[in-house]
Amino acid sequence: MKKLILASALLTASMVSAQQVSNITGSGASFPFPLYTEMFNAYKTQAGVSVNYASKGSGGGKRDIINRAVDFAGSDAPFSAAEAKDAPAEVSFVPMALGAVVPTYNIPGLTTKLKFTGALLADIYLGKVKKWNDAPIAALNKNVKLPDLNITPVYRSDGSGTTSIFVDYLAKVSTDWAATVSKGPQSSVKFPVGVGGPQNAGVAGLVRQTPGGIGYVEVTYAKANKLEYGLVRNKTGKFVDGGDLKEVAAASDAEILPANGIDSITNSSIGYPISGYTWILLYKDQKYGNRTKAQAQALVDLVQWMLSSKGQEFHDKLDYGRIDGQAAKVANRILAGVNYGGEAIK
Amino acid sequence: MTTDVKRPRSMTSAADTTFKNIIISLASLVLVAVFLYGVVLIAGGFPAFAREGFGFIFGLDWNPGTEKFQALPFIAGSFLTGFGALIIAVPLSVAAALFIVEYAPKWLAVPVGYMIEMLAAIPSVVYGLWGIFVLIPAVRSFQSWLVGVTGLDWTPTGIGLMSAILVLAVMVIPYVCAIARDVIQLVPNDQREAAYALGATKWEVIRYGILPYARAGILGGVILGLGRAIGETLAVTMVIGNASEIAKNLFSSTATMSSLIASQFGEAGGVQLNALIALGFLLLVFSVIVNLIARVVITKLTPVGTRL
Amino acid sequence: MTNAQENTAVQAKTFTRTVSSARQFQNAFVGGLIALGTGIVLIPLFLIVGQVIFNGISAISVDFFVQTERQMSAITGGGGVLNAIVGTIIMVGLALVMGLLIGIGTGIFLAEFSEHPLVPLIRVMSDVLTGIPAIVVGLVVYGLLIATKLTGYSAIAGGVALGLIMIPIIVRATEEVLKLVPTNIREAGLALGLPRWKVTLSIVLPAASSGIITGAILGVSRVSGEAAPLLFTSLGNPDLVWNILQPMGAMPLSVYNLAFKALTPAQNAQAWAGALVLMLFILMTNIAARTLSKRR
Amino acid sequence: MSNPFQVQVAERTASTAAIRLEAKDVSIFYGDKEAVKKVGVSFRSNTVNALIGPSGCGKTTFLRAINRMHDLTPGARVTGQLMLDGINLYGSDVDPVDVRRRIGMVFQKPNPFPTMSIYDNVAAGLKLAGETNKSKLDGVVEKSLRGAALWEEVKDRLKAPGASLSGGQQQRLCIARALSVDPEILLMDEPTSALDPQSTARIEDLMESLKEQVTIVIVTHNMQQASRVSDTTSFFLLGDLIEHSPTAQMFTNPKDQRTEAYISGKFG
C-alpha cells in the first residue's frame, strides 16, 4: 500500500509541477498567525494563490522547514545551534513583523495602567515579589491604591514564541533569572512559580478568572480581548505602552538589523523593551527535492508581496509593528538572495 | 444429466489458497503497524534514553532550559490523574449501571442509558473548552472557599491536578458504566430470584447476589477506563497547568505524559523532541499494558457465574 | 429486570414483617444513593451540552456552513467551516477505506481461520492497537510519513492516522459478528460446491454485514472527534481542498484553532459553534449505529 | 489440467455400473480418536440409503466424509477410499470443491442463507459460481423449487426473505437449493429431526420422487422413517458398520443380534 501511495504521490507531484502553482504551505509561529491569516486571505483574492499556514509554534515551524515538509516556516526565534546543524542547507530569515508582549493582570477595581520594570517582572515570575502591595510595586505606582492580594503569575504552558521573547527580556534584565531559568530566548522554560495556561486564550482566561493574577500575552491579543495591561520601563527610564506601535517600531529602529536579518531587540535602548521580530523562513537555494522553479517563484512572489505596502497594511489594524526603514532594506536584500540552483529568481 | 464443464480457476480450491494468502497479508498489516509503532518511537526516542539512562524514567528534572529530560513527574501525573479520576468515576459508574439495570423502570432506564453514552460522544476538544470555561472557575470557587475555611496560604487558580481529575472522571464514566452495565445484565436471573426467595432486600440482593458475580467484569471495565484516562490528551492539556513537576497537592499544577507531548511537541527540537518521542514510547507501553490487563481480566474472569 | 421487580413486589407484600426496619432503612438509603449517583453522572452532560449550544448557537448561520476558514477574519469577522466539514468527511472516508479493508480482512482471519498459528498473536496485537492513545498515533504517523517525506502533511497522512485508530474497532466487530454466523450456513454454501472464499465473501460476510456496519459507524464516530492525531499529520487548511496529497482541515482542528489560537471573542463563538456541529454529527453516527445494531 | 475425476464426469452417464458410491476401509479420526472404523459399504444409483444407529455411532461423521466436509474440521482425518463412480474422492488431484458440487447436502436444521430472498437462496449456487444468465437462473429456480415441492407455495413471493418461511418450508427450500446445482448424490443429515410430523411427511414423500434424479444417503434417528423411505439401511454402532442390508430385510430379519436389539428398541 505504501508503494501505491508513493506512486500516486509522484504522479500527482508531476502533474502539479506542470500546472501553475496555486498552493503554498507554511507552518510555525502562532504569534503572527492572526496577521498572516489576514495577509493570506488578501493574497488569495489578489494573486489567486492559496497559502495554507498552520499555526503550530515556532519550533514546529523550524522543524518543518528543516525536514522540508513545508514551503516556508514562520518563527519568532532564530535557529538554535542544534537546529542550524540539522538544516540541510542555508535557510534565509526574512523579518516580517514586529510584535510586543505585554504584562496583563487582574486587580479588582483598578482602572489606571500599572507600571513595571523588567527587574520587577523577573522578581514576580521568580516568586520573590508575592503581593501586589509589596514595596517594589508600590514604589513604581505611587498614586495607585494597591490591594493586599497574592500575586499569581500565569505562564504559557505550551511552547511559544511569546514566552521566548518574554524570557529573553527577563534574562537580559535579571541576573537571577539568567542564572536559574533561561539565558536567552527559549520557547518553553521551567517557571519556578505560577500556573500554566495553554495558548493566549488559556493565559488570558486564567488571568481574568484569578484576582491577583498576572500574565504575559501578545499586545494584539490583549487589545482584541480588551485586557488590562501595564507599562514597562525601558532603558531610558520611560514607561512605555506596548500597544503603541510607534514605540515598538522605535525599539527596532534603535538597533541596526544585521545583514542576516536576525536580531534580538528586547531591552532595546529606546522604544518598548519587550518587542521582537517574527520571521519567514525559506531555503536560500530553492532548488531541492523535486521542487520546480515555478514553485520557488511563487514563494518568492508571496514573501515579496508580504513585505510590500500591500502586505504591510494589515500590521496597523492588528497592532503588529511594520518592517520598514533599514530593516525593510535588509529584508528585501535577503529575499533578493534567494535563488533557484544559482539562478536568480526574477 | 449435468453439464459439468471445466470451471474457472476462481471456482476451485486453488482460489481458496489465494484468498487465504490475501487475508493473511491483510491481517499481517496489523503486526506491521504494531512493529512500526515500536520502531518509530524507539528510534526517535533513543537519543533521549541514551542520554538520560534510567534517569529518564526515574528522574524528576525536566527542563528544556538546561536540556535535562527526566519523565517521572509526567508518569506520576498520568497515574495520579488516572487513578484520581477512577476514584470518582467508579462509584458513580457502578451506581448508574445499577440504576439502569436494577432500579429504573424501562421508560427511564433507556433514556438514562443513552444519555450516559452521549458523554462518550463528546469530542475531547469540547471537553477541553468546557474545562477551561466552566470547570476551572468552578474548581477555583471551591478552592477559594477552602482557603476561606482553612486559612491556607494558597492562591486559588482552579487549574491543576483536581481539574484534570474531574474532567477525566467525566470522560471515563461512560466507558466504565457501559461495561458495568453489561456484566450486571449478564448475572443470571436465578441469582436474583434465589436471594429474593431468602427474604433479602433489594440492596442485599445486589450486595450478595449480584456484585460478587459482576465484580471481575467491573474490574476489567475499571482498568479499561484507566487506559482511556492515561491516553487522554487535549482536554487534560487545557486544565492541568502543564508544570514539569509532581503535584504538591490536589490543586497544584502538574502534567501528564500525553499533555506534555501535546503542549511541547509543537515547539520542540533537538533532544527535547527525542525526549518527547521517548515519552510517547513510555505512554504507548503503559497504555498497552493497562489495556491488555483489562482484556485479560474481562475475558478470563467474566464467564458468567464465576466468582473471583 | 421485570422479573426482579415482580419479585420485589411479591416480597414487599408477603415478607414486610420479617424485614427489620434497620435493613429496610439501609435498603432505601442505598437506593437513594444510587439514584443520586446517576443524577450526578448526568449533570456534566447537561452542563456541557447546554454550554455548547448556548455559546455556539449565535455563530451558526448559513455562512458558517458554506464559507471557509479562509474567509474568517479577525478584522471583519465572518467565514465558516465548510473546508473543515469536507476535510473531516474526506479523511474519515480514507480512514474508513483503510479500516474496512484491513479490519474486515483481519476479522475474517481471526474468525474464519481460527486454527492458524498466527491468530492468537494477531488478536493480541489488534488489542494492542486499541490501547494506543491517539496522540501517540499522531506522533508515529508523523515520524513515518511526514518526517520521512513519504507523503508530507496531507489528508492521506491524516487518514492513515485515523485509520490506525479505526482498524482495531472494525477487527473486533467483524470477528465477533462472524463468529455469530452459524457454522451450518458456511457448510450449506460449501455443500453447493462453492469455494471457501466465495462462501466467506458472498454468504457469511453479508450475513454479518449489519454488525460490521455498526462497528464501522462506531469507528467513524470515535475518530471524527479526534484532533490530537491530526495536529501532526493533516496540518489543517483554511481552504476547501479535495486533493488528498495536500494538507487538509478537519472539524476538531478548527474547533481547537478557533478556541485557542484565534484572536477575537467572535471567533471563540465560532469555536463553540464548530463544537456543536461536531457533537451533532457524532451523536447522529452513534444513533445510526445503535439503530442498526438493534435491528440486527 | 488433467483431472481424472472430471474426465470421468463426461463419461459417467454412459457408465453401466449400478454402484455409484462405494466406501472401502474408510476410517475417520478426530485427532487420535477413531470415530468411524474401517467401514466398507456401497450405494447403488437412484436409491435411498439410510444410515441408522444410536447417537455418537459415527453415522453423521461418515455422511460428512462423503462430500469432504471434514476437510474443514481441524484435526479430522479420513483414511481408506471413498469412490464415486470408481474415482477416489480423496485422490490427490481431486478438488473438494468439485466433490461438493456433485454431492449435495441437506442439514439437520434448516439453514437458508440469512440475508437472501427465497429466489436468491435457490439461485445462490449458480449465481455465486458465476452464472449470470437471468432466464437460465429463473428456469433453475423454478425447476428446483418444483423438485422440492415448494414452488406452488412460494411462487408469488420469491423476493421474500428465505427466513420468513416456516420450518418445514425452509427445509424444502434447502433441498431446492441443494438441487439447483444438479448434484448426483444428495446427503441428508437428519433432515426432518427439527420438523413437525406434517412437514416430515412431505419431505419423506419428496424423497421418493427425488430418487428419480439422485442417489440419496440419509442419516436418521427415526427407524420408522428409515423403513418408510429407504431401499437399503446401514446400522452403525460405536464407529463400526454392523450391518448393511436391503431395508425390508433389515427390519424383518436382521442378521446381527445388535441390529435386532437396536431396532427393537432395546437401546438407543
Side-chain angles (χ1 to χ4, degrees), chain C residues 100 104 107-123 173-217 291-296, chain D residues 63-64 66-76 95-116 120-131 144 162-163 170-171 173-189 194:
Chain C
L100 285 177
I104 294 182
I108 289 176
F109 178 70
L110 297 181
E112 303 290 316
F113 298 91
S114 54
E115 300 307 314
H116 196 282
L118 278 177
V119 162
L121 179 68
I122 289 184
R123 188 176 290 126
T174 307
E175 185 190 358
E176 274 172 12
V177 286
L178 283 182
K179 282 184 168 164
L180 289 178
V181 176
T183 316
N184 66 15
I185 297 292
R186 292 177 183 81
E187 292 182 339
L190 293 171
L192 286 174
L194 294 170
R196 193 160 169 198
W197 71 269
K198 198 80 198 176
V199 173
T200 306
L201 293 186
S202 301
I203 297 172
V204 180
L205 213 52
S209 62
S210 73
I212 297 172
I213 293 171
T214 305
I217 297 177
T291 316
L292 263 171
S293 66
K294 278 275 151 60
R295 237 178 24 206
R296 174 146 53 101
Chain D
L63 186 83
R64 291 166 62 88
I66 299 174
N67 68 344
R68 294 189 61 169
M69 268 321 182
H70 292 304
D71 285 21
L72 304 158
T73 317
D95 187 337
V97 172
D98 285 328
V99 172
R100 297 188 198 115
R101 178 84 179 198
R102 290 177 59 184
I103 306 178
M105 191 162 189
V106 176
F107 298 80
Q108 188 170 358
K109 270 195 199 148
N111 56 355
F113 297 139
T115 49
M116 295 186 193
D120 285 338
N121 257 283
V122 182
L126 291 177
K127 229 174 167 175
L128 297 182
E131 180 61 59
S144 308
Q170 283 189 17
Q171 192 62 306
L173 178 65
C174 293
I175 293 174
R177 183 176 64 192
L179 293 176
S180 69
V181 292
D182 226 346
E184 296 150 48
I185 314 285
L186 188 59
L187 308 177
M188 304 177 101
D189 184 6

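In what follows, every chain begins at residue 1, and chains take the letters A, B, ... in the order their sequences are listed. Quick caveat, the model's predicted, so the values are computed rather than measured.
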Flag side-chain contact, heavy atom, 4.5 Å: [X] against [Y]:
{"X": "Met105(D)", "Y": "Glu187(C)", "answer": "no"}
{"X": "Pro114(D)", "Y": "Ile185(C)", "answer": "yes"}
{"X": "Arg101(D)", "Y": "Leu192(C)", "answer": "no"}

In terms of heavy-atom proximity below 4.5 Å to chain C, should [X] be classed as side chain, backbone, both, or neither?
{"X": "Pro96(D)", "answer": "neither"}
{"X": "Leu72(D)", "answer": "side chain"}
{"X": "Lys127(D)", "answer": "neither"}

### Query
In Å, rounded to the nearest 0.5 Å, how long is the span from OG1 of Thr115(D) to CD1 of Ile203(C)?
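So the gap between those two atoms works out to 8.5 Å.
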### Task
Starting at CZ of Arg186(C), measure out to CG of Asn111(D) and round the result to the nearest 0.5 Å.
12.0 Å
### Closest contact, heavy atoms only, Leu194(C) versus Ala129(D)
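Looking at all heavy atoms of both residues, the closest pair is CD2-N, 3.9 Å.
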### Query
Pick from Lys109(D), Met116(D), Arg64(D): which one has the most heavy-atom pairs with chain C under 4.5 Å?
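Answer, by heavy-atom pair count under 4.5 Å with chain C: Arg64(D).
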### Task
Identify which of Gln108(D), Arg68(D), Met69(D) forms the greatest number of heavy-atom pairs closer than 4.5 Å to chain C.
Met69(D)
